[in-house]
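Everything below concerns the one structure shown next.
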Amino acid sequence: IIFSLIFSAFRPSFSLLGFSSFGLPSSLHFFISEQESMAQPEIHNGGAEKAEVVVSFTAVKPQLVVEAPKASEAVQFYKEAFGAVETGRTTHPKRKAEQELPQIISAQLQLAGSTILVSDLADDSAPSSVKGVGSGLSLCLETQDVEAAVAKAVAAGAVAEGEIAESDGACCGGRVGKVKDPYGFVWMICSPSAAAAAAKCGDTGVEA
């Protein structure tokens, strides 16, 4: 009680000296509040500004999905028809007992400087868009000898579609032949377009 009376008597003096009722200088409380109010915009501004993420790709690899267990046959076909080179193969570690061939998850083929993947379609519950292998997909191969390339593909088991003719399509330019492989994929076999040939040769208007 005596302490309370003394503190009450000197309380105005504490206030004049800059002390609050909590025993801390009132200026210190103001400093903390000011810092908090200044820090909030900094956090907000820092969170609002995000560095732009740059994404680059090193390769695009088409995946050809064929009806299981025909991926192994498809790989052999692409070797014979187009001269593809197999660089790797991943098979399913647990295959069904009734399967004569291991399920191919992914076979990697090097073809014309690119990599394509060939896989078995294993899941019977896959969407119909996946089951319709070959639909809506064409692959383009450039060569200087279209006739020989088409003939080789047909000899390996492909079916020629139409005659070899001149074309200015987006996929191919120059002479174009079309074949469908035994797995439903369409291959456009074409000679380099005039524009592409000119670019390669650094054409300046003089015929090569």
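Because only heavy atoms are used, hydrogens play no part in the values below, and waters and symmetry mates are left out as well, while side chains stay in. The residues of the chain are indexed from 1 along the displayed sequence.
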side-chain hydrogen bond (donor to acceptor under 3.5 Å, both in side chains) pairs, two or more places apart, involving residues 144-160: E147-R175
Note, V186 side chain near K178 side chain (heavy atom, < 4.5 Å): yes
Any V118 side-chain heavy atom under 4.5 Å of I104 side chain: no
Pairwise distance OG1(T90) to CD1(I105) - rounded to 0.5 angstrom: 6.5 Å
Minimum heavy-atom distance V146-C190, with the two atoms named: CG2-C, 3.7 Å
Ring geometry between W187 and F82 (parallel below 30°, tilted from 30 to 60°, perpendicular above 60°): tilted
Nearest heavy-atom neighbours spanning A153 and A81: CA-CB, 3.9 Å
Sidechain-backbone polar pair: Y183 side chain, A74 backbone, donor-acceptor under 3.5 Å: yes
Any V159 side-chain heavy atom under 4.5 Å of V154 side chain: no
same_hphob_cluster(V60, V55) at 4.5 Å side-chain heavy-atom cutoff: no
Residue K180 excluded, over 12 heavy atoms near NZ under 6.0 Å: no
Test item: I164 and V176 side chains (from C-beta on) under 4.5 Å apart, heavy atoms: no
Validation row: L139, L141 side chains within 4.5 angstrom (heavy atoms): no
side-chain contact (heavy atoms from CB on, under 4.5 Å) between E86 and K79, worked out: CA-CA 8 Å; E86 185 174 358; K79 289 180 180 179; 3.2 Å; yes
Any donor-acceptor pair under 3.5 Å from D181 side chain to A158 backbone: no
Side chain proximity check, C140 to E142, heavy atoms < 4.5 angstrom: no
Any side-chain heavy-atom pair of S72 and R89 under 4.5 Å: yes
Closest heavy-atom pair and its distance - F77, A156: CD1-O, 3.5 Å
side-chain hydrogen bond (donor to acceptor under 3.5 Å, both in side chains) partners for Q63, two or more places apart: S119
Gap separating the CG atom of L64 from the CG atom of L117, nearest 0.5 angstrom: 8.0 Å
Any donor-acceptor pair under 3.5 Å from D120 side chain to Q103 backbone: no
Side chains of T115 and Q110, donor plus acceptor under 3.5 Å: yes
Check: L121 and E67 side chains under 4.5 Å, non-hydrogen atoms: no
